Structures are given as structure tokens and as C-alpha cells.
Q: 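Pasting a structure below so you can have a look.
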Amino acid sequence: MIRTTALTKRYGRVTAVDDLHLHVREGDRFGFLGPNGSGKTTTVRMLLGLVLPTSGSVELFGARFRRDALIEVGALVEGPAFSAHLSGRDNLRLSDAAGPGGARATRRRRVEDVLEQVGLAGVDRRPVKAYSLGMRQRLGLASALLRRPRLLVLDEPTNGLDPQGIREVRDLLLQLNRDGTTVFLSSHLLSEVEALCTRIAVVDRGRLVLQDDLSAFQALTGLVEVRTPFAHRAATLLGERVDDLLPDGLLLVRHSDPAALNAELVRAGIPVTALHAQRRTLEAAVLSATGAGSDRVAAVPAEPAA
Amino acid sequence: MIGVELRKLVRRPRTWMSIGLLALLPTIVAMFLAIRDIAPRPGTGPAFLSAVLDNGALFPAAALAIVLPLFLPIAVAVVAGDAVAGDAQDGTLRYLLIRPVGRTRLIVAKMIAVGAYTMLAVVLVAAVAYVVGTQLFGSAPLPSVSGTELSTTSATLRTVLTVLYVGWSMLGVAAVALFLSTLTDSPLAAALGAIALLITSGVLVALEAAAPVQPYLPTRYWLAFVDLFRDPVLTRDLLRGTALQAVYILVFLSAAWANFTTKDITS
């Protein structure tokens, strides 16, 4: 669906995006993660033809980028934007009329359909300036859905939504994905990406540092986490196999079979309150692959006095 | 896309507010003249105003002369300066482009909408002035600036040409402001840039030492429409003004197009 080859964008001496190779397959829910200022938005803008690459190329739907291909793309970039003095409906109608591919006769229907999809069906004639942040976000999503796109490119789509709203948007995206829409989600929120995506790319300072299926990030570590009121007795029993005993009483055991380990502990009369195979977390993988966000500005250490 | 831009223009309260204010200023002037019955001495004050008391049909031209130095170009510069930069500032520009609307289509639609606003403003100011003028001062056969009497048809024709000439001059302002609007994401900066150019031009036009560059200054021939009311019409400055504005319009609209179609949209 999307393939970028050596995509690079320089602004003067600053390289915002550096030699990026992304590959989004049809049907993916693709998470594009990175700290603030890592080049996510510049990349999204290049995918949509808003920013022209310095070098490298973008392919959409298997062909070299052409503006016409955007008919099949719905997007939300850096927050929704509307004419503030018009109502949500009027904004959608104007937006629909502005672009190709939408017959005038069915415009009203399309607008009502997408409002229904994002949970704004009952919205009244108030101008958008009276909307809450969450309503604007929903309206932005509605606008992205007007052409029933094959590909959704969303930049921080749940920004400003309450937990209930976040859940609704996630369910909507899952539903659309089940119906065949590929979702490209750019976010700095790990939990957001982890909850929705099947495939993840991580950028840091304009460079791609990780790109893999979510399951690969969550591989087993070979350790089993054990909780028991008798952690020290258990540690003595297991001896060499204990990897670590944390201060809060969590016992980390090198063991390939949690069920066998459980049986062994119980046979020794040690009650087990919780036990499961430890997995790597996406958070750990991301943190180890990225540096501090670029919005963090550390003091330059002073030169030691001679 | 052109229809969408025009619809946005028509539905925007600012459009009607600004034109209303533009028409209000000459109306206020007319009311003072009518109540006090004191006209400016010939040769002082805005063009034609001294003759208006005797003939309301001359008031459209007088009204345009009143708003021409400052009010009208500011209104045009604000609307044209907002055309692209305003959409950039409120973020709707990126959504239009990924709808997708072609950049050339979009900038052409903006040009047409700005042009429509400019001509609408000039026409409505003249129309309101005509109604106000003929109601307050009555209409009589129009004397030309040269002293001979003009027939009604001839006078109407000259008024229409005045509207077209002033509108054309304002399109030059609009072209400059629209170009600046593609350079910045701040509508205010674009409007102020265009106004700054006009003020500079106005200062230089009044400065004898600047005589060599004066024929190329945008405001140099603005007031040449007065020559339309001479008998016979003095065409020299009118033609030069028309040609000069044509160059400004062409150059700055081309620059606006070239810049807009190749720039990174980071707003």
C-alpha cells in the first residue's frame, strides 16, 4: 500500500527524515511511532504530497506517487481543521464538493453516513468554533472517511478524546480495517499503537530504527514471573534457575515451561498466587532503540576550568 | 473548486461587513454635505466632491475617490492576503490539497474568488453611492470637468468605465497581496506587506525627486479615472494606468502560481 525508498527530507542543514524505507502492506494496521520531533509528521506530509522529498521516492498502491491516488486516501494530519464559522455539516459538504470523485446527488447521503460512523449523527447547526476538541477530532475523522478510502493515514487521531472516545475511535478503526481498509497510524503514544496495530515502525531523529510485526516485539524472554508469599523459600528451592528476586517479591525464573514450574513449586508446598511467561514489551524495545525526544534540551556541560 | 471558493466568500460575514463599511463612509460624507449644504471648494478635497451638491449622479465617482486612497485598497489587501495564508493558518489548506485538489486549480480558484470580491466591492460602493447621491442631491445633467454638458448615456457610460478602471487598479493590489499570501502562513503579514508597498508607492508618487520611477509605481495612475469625465476623454494616463496594472496583475499572479505549486506545505 505504501512503500518509501530512501525517503529523505532536508531543510537547509537539518535533516528531518533520513533514508527512510517504510513498507505498509494491504490490510495492515501500521503503527508509526517516534518521539516528538523525530520526523513523523514530515514523513506523513511526504506520503500525502504536501512536502516534496529532497530525495527518495514514495509509492502508493503499488505505483509511483501521483496526486490522483489521494482520492483513495483519507487523512488526518496534525489535528483537524475547519472553517470555524460554518457548521460541521456545511464543512463536510464543502470539503466533499472541493474534491473529485463525489457525485453531487449523493453528497447529502455521504455526509450523513460519515457523521453517523463517527458518532456525530445528531450534531446541530452550531458553528465548528463551538465544538469541543473531541467533536472536532471526530469531524476530522468523518472528513477523512468521505470517499470510503482504501488507506487511512492518521496522525494522532485520538488527541483530545476522553477514554470513552478513544475506545470508540479504536473500535471504528478496527471495524474499518476488518472491512478492508489499511490503517497507517502515526503517534507518539505507545499504548495507543500497541492497542491497535499489527505492525510497527519506530523512527528516531529522522531515521528508521525498528520495523516489524508487533508479535516480534513481544517475543518470550525465556523467563517466568512468579509471585508467591514465600519468595525466599521458592528461591532456595529453585537455586541456580533463579534469574532475579526483585525487592517487591517478584521472582524471575529461567524456565521454558511455566506449567512444569508451577507443578514443581506446588509439590514443594509453596503456594503460587500468579505465574506467567515474561514477554518483551514494546515499550522496552522502543526505549532501547530511541534516544531522548528532541523536545528535551539538555544543558551543554561547561568546559572544566583549566 | 471555483464554486466552493465563491461559496466560502459569500458565506463569510467578513465579506459583507467590509463592503458595508466601504459603502458607509461615502454615505456619511454625503449626509454631512446634504445637511450642512457646504461643499468643499473646487480643487480641494476628494475629486468631484465639490460638484456633488449640484448633481447626485456624480456621487458614485466621488464615492470611489473617497475610498480609493486608503479604505478600498486595505479591504482588498486584507481579503487577498488571507486567501492562501488564511487557509494555511487555520489548517484547512492541507486538507484541501489532500482531498485532493490540484494546486493550480486551487490557486486559480483563489484568484477568481479574490477578483470577484474586488469587483463586487467596487460595484456595490458605486451602486450605493448612486442611490444615496440621487436621493440626497437629485440628478441634473452632468457637467464634465471640462465645463461642457454630458448626456445621461454618456455620463452613465463614464461612470461604468470609472468602476471598471478602479476595479482593475484594485486587482493589481489583490495580485500583490495574493502573491505575498503564498509566501507566508500569516494573513496579517501578507496584507500588511501589500499595504506597505502601496504606502511606499504613495510617498514616492508625491516626491519630485522620485520622478524617474513614478511611471512604474502601482498607485501612480489610480486617480486617472477623473480624466474619464473630461470632454473629450483624456486617455493618456488611463491607458498607461490600465497597462501598468495589467503588468502588475500578470507578474504577481504568475509568481503566486509558481510559488504555490512548488512549495512545501508545512502549515
Side-chain angles (χ1 to χ4, degrees), chain A residues 9-11 16 41-42 44-54 60 65-87 90-102 104 127-129 136 139-140 143-144 146-147 149 151-153 155, chain B residues 1-18 78-79 82-113 117 182-187 257-267:
Chain A
K9 179 67 187 181
R10 282 191 205 92
Y11 292 106
T41 298
T42 304
V44 167
R45 282 174 183 270
M46 283 194 282
L47 296 182
L48 299 171
L50 292 172
V51 166
L52 310 172
T54 308
L60 282 184
F65 179 86
R66 286 176 62 234
R67 211 193 56 241
D68 305 349
L70 292 177
I71 295 180
E72 296 190 279
V73 181
L76 200 55
V77 188
E78 278 191 288
F82 298 99
S83 297
H85 60 282
L86 297 177
S87 73
D90 286 342
N91 264 295
L92 289 184
R93 280 184 199 141
L94 279 177
S95 180
D96 189 84
R104 184 194 292 255
V128 168
K129 65 183 164 205
R136 286 179 205 214
L139 192 61
S143 179
L146 273 173
R147 290 288 181 272
L151 171 65
L152 269 177
V153 176
D155 194 10
Chain B
M1 195 56 225
I2 292 166
V4 172
E5 284 300 320
L6 289 176
R7 246 183 293 167
K8 279 202 250 181
L9 177 74
V10 171
R11 298 186 59 174
R12 197 151 181 183
R14 185 188 67 186
T15 304
W16 303 108
M17 199 92 106
S18 60
V78 166
V79 169
D82 186 65
V84 178
D87 282 4
Q89 194 178 49
D90 69 23
T92 48
L93 182 61
R94 59 178 183 267
Y95 286 107
L96 277 176
L97 292 178
I98 59 186
R99 185 88 261 163
V101 179
R103 293 196 186 191
T104 299
R105 266 172 82 92
L106 183 58
I107 193 77
V108 167
K110 295 279 185 196
M111 287 171 187
I112 289 172
Y117 170 81
T182 66
L183 283 185
T184 167
D185 291 345
S186 156
W257 170 80
N259 183 46
F260 184 68
T261 48
T262 54
K263 78 178 222 164
D264 284 342
I265 307 296
T266 52
S267 61

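All values reported here derive from a predicted model rather than from experimental measurement.
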Q: Using non-hydrogen atoms only, which part of A/Asn91 is less than 4.5 Å away from chain B: side chain, backbone, both, or neither?
A: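 A/Asn91 has no heavy atom closer than 4.5 Å to chain B.
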Q: Where on A/Leu86 is there a heavy atom nearer than 4.5 Å to chain B: the side chain, the backbone, both, or neither?
A: side chain
Q: Go through the atoms of B/Leu96 and report whether side chain, backbone, both or neither lie under 4.5 Å from a heavy atom of chain A.
A: side chain
Q: Which residue out of B/Leu97, B/Leu106, B/Val4, B/Asp90 racks up the most heavy-atom pairs below 4.5 Å with chain A?
A: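 When all of B/Leu97, B/Leu106, B/Val4, B/Asp90 are compared, B/Val4 has the most.
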Q: Against chain B, work out which of A/Val153, A/Thr41, A/Leu146 has the most heavy-atom pairs shorter than 4.5 Å and name it.
A: A/Leu146
Q: For A/Arg45 and B/Ile265, work out which heavy atoms get closest and say how close.
A: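 Shortest heavy-atom separation between A/Arg45 and B/Ile265 comes out as NH1-O, 2.6 Å.
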Q: Does the side chain of A/Ile71 reach to within under 4.5 Å of the side chain of B/Pro100, using non-hydrogen atoms?
A: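 Yes, side chains in contact.
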Q: To the nearest 0.5 Å, what is the distance between CG (B/Asp264) and OG1 (A/Thr54)?
A: 8.0 Å
Q: Using a 6.0 Å cut-off, check whether atom CZ of A/Arg66 has over 12 heavy atoms from anything other than its own residue.
A: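 Atom CZ in A/Arg66 is not crowded, with 12 or fewer foreign heavy atoms closer than 6.0 Å.
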Q: If every non-hydrogen atom of A/Tyr11 is compared with every non-hydrogen atom of B/Thr266, which pair is closest and at what distance?
A: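 Heavy atoms of A/Tyr11 and B/Thr266 come nearest at OH-CG2, 3.8 Å.
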Q: What is the minimum heavy-atom distance between B/Arg99 and A/Arg147, and which atoms define it?
A: NH2-CG, 4.4 Å
Q: Contact part of B/Arg105 toward chain A, heavy-atom cut-off under 4.5 Å: side chain, backbone, both or neither?
A: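 Interface part for B/Arg105: neither.
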Q: Tell me which of these, A/Ala84, A/Ala69, A/Pro80, has more heavy-atom pairs under 4.5 Å with chain B than the rest.
A: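 Most pairs with chain B among the choices: A/Pro80.
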Q: To the nearest 0.5 Å, tell me how far B/Arg103 CZ sits from A/Arg67 CZ.
A: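 Spacing of CZ (B/Arg103) from CZ (A/Arg67) equals 9.0 Å.
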Q: Nearest 0.5 Å, what's the CD-CZ distance between A/Glu78 and B/Arg94?
A: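 Going from CD on A/Glu78 over to CZ on B/Arg94, the span is 6.0 Å.
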Q: So, for B/Ile98 and A/Ala75, which heavy atoms are closest and what is the spacing to 0.1 Å?
A: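 Reported closest heavy-atom pair: CD1-CB, 3.7 Å.
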Q: Against chain B, label A/Ser143 side chain, backbone, both or neither, depending on which of its atoms sit under 4.5 Å from a heavy atom there.
A: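 Contact with chain B involves both backbone and side-chain atoms of A/Ser143.
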Q: Using modelled atom types and a 3.5 Å cut-off, is there a donor and acceptor pairing between side-chain atoms of B/Tyr95 and backbone atoms of A/Val77?
A: yes
Q: Chain A heavy atoms under 4.5 Å from B/Arg7: which part of the residue, side chain, backbone, both or neither?
A: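 It is the side chain, since no backbone atom gets that close.
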